[in-house]
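To start, the structure under review is shown below, and the notes come after it.
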There are 2 protein chains.
Amino acid sequence: MQITDLNLSTRQVRAFTALAEHRNFTRAAEQCHLSQSAFSSLIRTLEDSLGVRLFDRDTRRVELTPEGRLFLGGATRVLASLRDALEDLGEHATGRRGRAGVAALPSLAAGWMPGVLAAFHQEYPGIQVDVADVLSESCIEFVRSGRADFALASMRSVGPDLQAEPFCRDGFYLVCRKDHPLSRRRRLTLPALSGEPFIHLAQDSSVRQHIEAAIHPAKMNGMMELDQLSTVAGMVRAGLGITVVPALTLFHFDSDDLTALPVETPGLTREVFVIRRRDRSLSIGAQALLAFMMQRRPQPGEKRGSRRAAALPRGRSR
Amino acid sequence: MQITDLNLSTRQVRAFTALAEHRNFTRAAEQCHLSQSAFSSLIRTLEDSLGVRLFDRDTRRVELTPEGRLFLGGATRVLASLRDALEDLGEHATGRRGRAGVAALPSLAAGWMPGVLAAFHQEYPGIQVDVADVLSESCIEFVRSGRADFALASMRSVGPDLQAEPFCRDGFYLVCRKDHPLSRRRRLTLPALSGEPFIHLAQDSSVRQHIEAAIHPAKMNGMMELDQLSTVAGMVRAGLGITVVPALTLFHFDSDDLTALPVETPGLTREVFVIRRRDRSLSIGAQALLAFMMQRRPQPGEKRGSRRAAALPRGRSR
DNA sequence: CACACTTACGATATTCGTAAGGATT
DNA sequence: AATCCTTACGAATATCGTAAGTGTG
């Protein structure tokens with residue numbers, strides 16, 4: 001018989017090693033949770049399919065044949081490597097070990113994620129999380145290339161190989177000095193701010209694009225254009241102008257001098273999506289992380305990013 | 001589920017690796033000689049019993065899940081170590097490889113065995129033969145301790161743990177110089193030789209014991225006692241006396257000066273037995289060697305041990 | 001006769017292949 | 001329409017446990 005056509009079960013091999021150990025059918029059968037007779041025919045079947053007698057036995061004595069001794073070594077190794085593989089698999093399947101790669105907008109990665117990841121690490125200490133804090137476009141690329149299992153990003157239009165589902169909505173807030181006249185207004189809209197000196201982010205940032213789309217075809221009174229929100233915060237604190245940013249970035253502006261007020265212009269919300277590959281399931285670890293994040297997704301109106309929260313331990317991340 | 005209770009078949013694991021390789025149920029099923037539907041449920045059963053989804057599949061695409069990729073390594077290793085074990089076992093079972101340990105009387109080991117082992121090695125080049133050429137008592141000990149699988153020796157009374165079955169009978173021969181008057185006799189008996197100066201072997205040799213038992217209570221006219229047959233041969237050739245030895249030892253006396261004539265005294269035969277452990281089967285290699293030797297056992301009346309035969313290559317031996 | 005392995009046998013469970021179903025290109 | 005995986009289902013096969021059989025100390 002061809003080796004590749006041979007069908008062996010782990011049960012048979014385990015029965016073999018059990019009998020080799022006990023040299024006694026009855027006790028070996030007990031160890032395998034089998035009746036003695038079923039165990040007997042199991043051994044016989046094994047011997048038949050291998051074409052070798054593995055045990056010398058009469059009613060009184062059970063001993064390995066020389067070939068049985070030879071096979072015992074191989075059988076033990078096979079069972080050991082199988083056990084290793086199954087334990088490994090089991091640990092991943094139950095989330096005791098694993099890996100999850102997530103790409104996220106820098107605002108989410110810096111403001112909202114650290115606390116979430118800290119809690120996640122508490123619950124799943126064996127799962128390594130790799131974070132890529134990059135802009136939306138790069139997030140997509142991370143997912144497409146497989147470097148990330150999923151992404152939290154704001155691009156809706158992704159290729160057919162990816163799928164996007166809503167994650168959260170992010171309202172926009174005016175940020176200005178507390179002594180600025182606007183800080184006493186009840187209701188704010190984007191056009192109402194269009195006369196103020198405005199600190200912009202770069203043209204390719206999603207924040208800038210949301211703002212310009214919402215007020216189009218008008219424009220804000222831009223007086224400066226920066227790349228980093230923390231620099232924007234410094235400029236606003238210095239009284240050089242005002243700015244408008246999504247709620248999730250407000251932690252950058254967490255200062256006693258500044259205040260943040262919701263801007264109620266229809267269409268001025270940033271939508272964040274969960275983006276992942278369409279035809280490919282998430283690893284168990286990534287599934288756990290995603291479920292965890294979905295449960296703790298930022299609530300609309302919730303202002304995140306107090307210094308206390310941002311100072312939380314960040315868990316394992318790249 | 002406990003890992004130790006899990007029953008996996010090699011068929012399942014092979015199906016898994018086949019599908020991982022082909023990423024196509026139909027072709028993987030063919031490789032496993034299964035219908036596509038049976039193959040499908042095989043994979044499903046495997047996934048269920050492992051509790052992990054191993055493949056992402058729709059009607060168009062089949063891909064390993066992250067857990068599937070993880071398991072693929074383990075599964076490959078398991079199959080490889082199983083294949084190794086089975087090949088090893090198969091080679092031993094079919095006699096392509098193996099070992100046989102045999103203990104034999106020095107006379108058999110030196111005279112009859114070399115040619116037999118040479119032929120055996122031709123037919124079973126992969127079987128290593130270990131020979132112990134020791135006296136009968138040591139032969140028994142080799143078998144009892146397991147250092148030899150079986151022995152060819154002349155002791156009949158062995159313990160209950162061993163069994164002895166007849167192997168061959170060995171007639172006794174007078175050896176004297178060709179110019180000795182006895183060499184012209186037609187029929188020879190032991191008593192008829194009792195007057196001649198006789199070259200004895202040591203008291204504990206089986207040859208000496210056979211001779212003394214056959215002529216008891218009379219005695220031969222011993223004039224010398226030696227340990228080695230080759231020394232005996234030298235003495236006889238020098239004309240110091242005559243001797244009587246079993247046929248299988250005659251190769252020691254293969255000289256132009258000497259002649260060997262059968263001694264026809266009832267009871268004067270040496271019986272050689274195959275001795276082996278009772279409750280323990282022989283390794284396949286030992287079985288092959290024993291069967292081979294049984295087929296070629298020395299024939300009664302056959303005079304072995306010409307210089308030509310003794311010069312044959314001896315095959316592999318210790 | 002007590003113990004320990006084997007055999008007999010009916011019940012249950014598994015596995016197989018054929019054929020129909022459903023989804024995708 | 002063609003391809004490819006899944007499901008349905010009856011038949012063949014395998015496995016199990018109970019119980020009887022057999023051989024040994």
Side-chain angles (χ1 to χ4, degrees), chain A residues 1 5-16 18-50 53-65 68 159-163 277-281, chain B residues 1 5-16 18-50 53-65 68 159-163 277-281:
Chain A
M1 179 189 285
D5 292 338
L6 189 64
N7 192 23
L8 282 186
S9 66
T10 57
R11 184 173 265 143
Q12 285 175 306
V13 182
R14 259 190 276 269
F16 168 71
L19 185 53
E21 179 188 346
H22 288 104
R23 295 165 152 69
N24 176 303
F25 275 66
T26 308
R27 280 191 286 281
E30 281 170 14
Q31 176 177 313
C32 295
H33 311 300
L34 279 176
S35 75
Q36 190 273 334
S37 100
F39 188 87
S40 176
S41 67
L42 200 58
I43 294 291
R44 163 176 297 279
T45 307
L46 176 64
E47 288 180 328
D48 288 350
S49 61
L50 293 180
R53 191 156 191 79
L54 298 171
F55 294 96
D56 279 325
R57 46 197 186 274
D58 54 32
T59 60
R60 231 49 186 169
R61 194 189 305 260
V62 177
E63 289 290 341
L64 282 165
T65 61
D161 53 335
L162 303 184
Q163 64 179 3
R277 292 171 64 143
R278 184 176 298 280
D279 296 320
R280 189 153 159 180
S281 67
Chain B
M1 179 189 285
D5 292 337
L6 190 64
N7 193 22
L8 283 185
S9 66
T10 57
R11 185 173 264 144
Q12 284 175 309
V13 181
R14 259 190 276 268
F16 167 71
L19 185 53
E21 178 189 348
H22 289 104
R23 295 164 151 67
N24 177 304
F25 275 65
T26 308
R27 280 189 284 282
E30 280 171 14
Q31 176 177 312
C32 294
H33 312 300
L34 279 175
S35 76
Q36 190 274 333
S37 99
F39 188 86
S40 177
S41 66
L42 200 59
I43 295 292
R44 164 177 294 280
T45 306
L46 176 63
E47 288 179 328
D48 287 349
S49 62
L50 293 180
R53 192 157 190 78
L54 297 170
F55 295 95
D56 280 326
R57 47 196 185 274
D58 54 35
T59 60
R60 230 48 189 168
R61 193 188 306 258
V62 177
E63 289 290 341
L64 282 166
T65 61
D161 53 336
L162 303 184
Q163 63 180 4
R277 292 172 63 142
R278 185 176 297 279
D279 295 320
R280 190 152 158 181
S281 66

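We use all heavy atoms of the structure for the numbers below, so side chains are in, but hydrogens, waters and symmetry mates are not. Order of the sequence lines fixes the chain letters, A, B, ..., with proteins taken first and strands second; residue numbering starts at 1 for each chain.
A:R57 meets the side-chain contact (heavy atoms from CB on, under 4.5 Å) test with A:F25, A:I43, A:E47, A:R53, A:F55, A:V62; sequence neighbours excluded. B:R277 meets the side-chain hydrogen bond (donor to acceptor under 3.5 Å, both in side chains) test with no other residue; sequence neighbours excluded. For A:R14, the side-chain hydrogen bond (donor to acceptor under 3.5 Å, both in side chains) partners two or more places apart in sequence, or in a different chain, are A:T10. For B:D58, the side-chain contact (heavy atoms from CB on, under 4.5 Å) partners two or more places apart in sequence, or in a different chain, are A:D279, B:R60, B:R61. Residues that satisfy the salt bridge (charged side-chain N to carboxylate O under 4.0 Å, His left out) test with A:R27, not counting sequence neighbours, are absent from this structure. A:D48 pairs by the side-chain hydrogen bond (donor to acceptor under 3.5 Å, both in side chains) definition with nothing, not counting sequence neighbours. Legend: residues meeting side-chain hydrogen bond (donor to acceptor under 3.5 Å, both in side chains) with A:S281, ordered by chain and number and at least two apart, are B:D56.
Whole-Å rounding puts the A:E63 CD to C:dA4 C1' distance at 15 Å. Spacing between atom CG of B:L8 and atom P of C:dT15 amounts to 11 Å, rounded to whole angstrom units.
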Name the pairs: protein N/O against N/O of nucleotides 22-25 of chain C, kept only if under 3.5 Å.
| from | atom 1 | to | atom 2 | distance (Å) |
| --- | --- | --- | --- | --- |
| C:dT24 | O4' | B:T59 | OG1 | 3.0 |

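Residues from residues 28-35 of chain A placing a heavy atom under 4.0 Å of any atom in DNA chain C do not occur. Using a 4.0 Å cut-off on heavy atoms, the residues of residues 36-46 of chain B that approach DNA chain D are B:Q36, B:S37, B:S40, B:R44, listed by number.
The two residues B:R278 and B:L162 come nearest to each other via the heavy atoms NH2-O, 3.2 Å.
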field: Stepwise side-chain contact (heavy atoms from CB on, under 4.5 Å) test for A:S9 and B:L8
entry: CA-CA 5 Å; A:S9 66; B:L8 283 185; over 6 Å; no
- request: For the pair B:F16 and B:L42, evaluate side-chain contact (heavy atoms from CB on, under 4.5 Å) and give the outcome as yes or no after the intermediate values.
  value: CA-CA 9 Å; B:F16 167 71; B:L42 200 59; over 6 Å; no
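Residue pairs meeting the side chain to side chain donor-acceptor pair (under 3.5 Å) criterion with at least one member in residues 30-41 of chain A, sequence neighbours excluded, are A:H22-A:Q31.
Nucleotides of DNA chain D that come within less than 4.0 Å of any heavy atom of chain B span, from the 5' end to the 3' end, D:dT3 to D:dA8.
A salt bridge is absent between B:R280 and A:E63: the closest approach of a Lys/Arg side-chain nitrogen to an acidic carboxylate oxygen does not fall below 4.0 angstrom.
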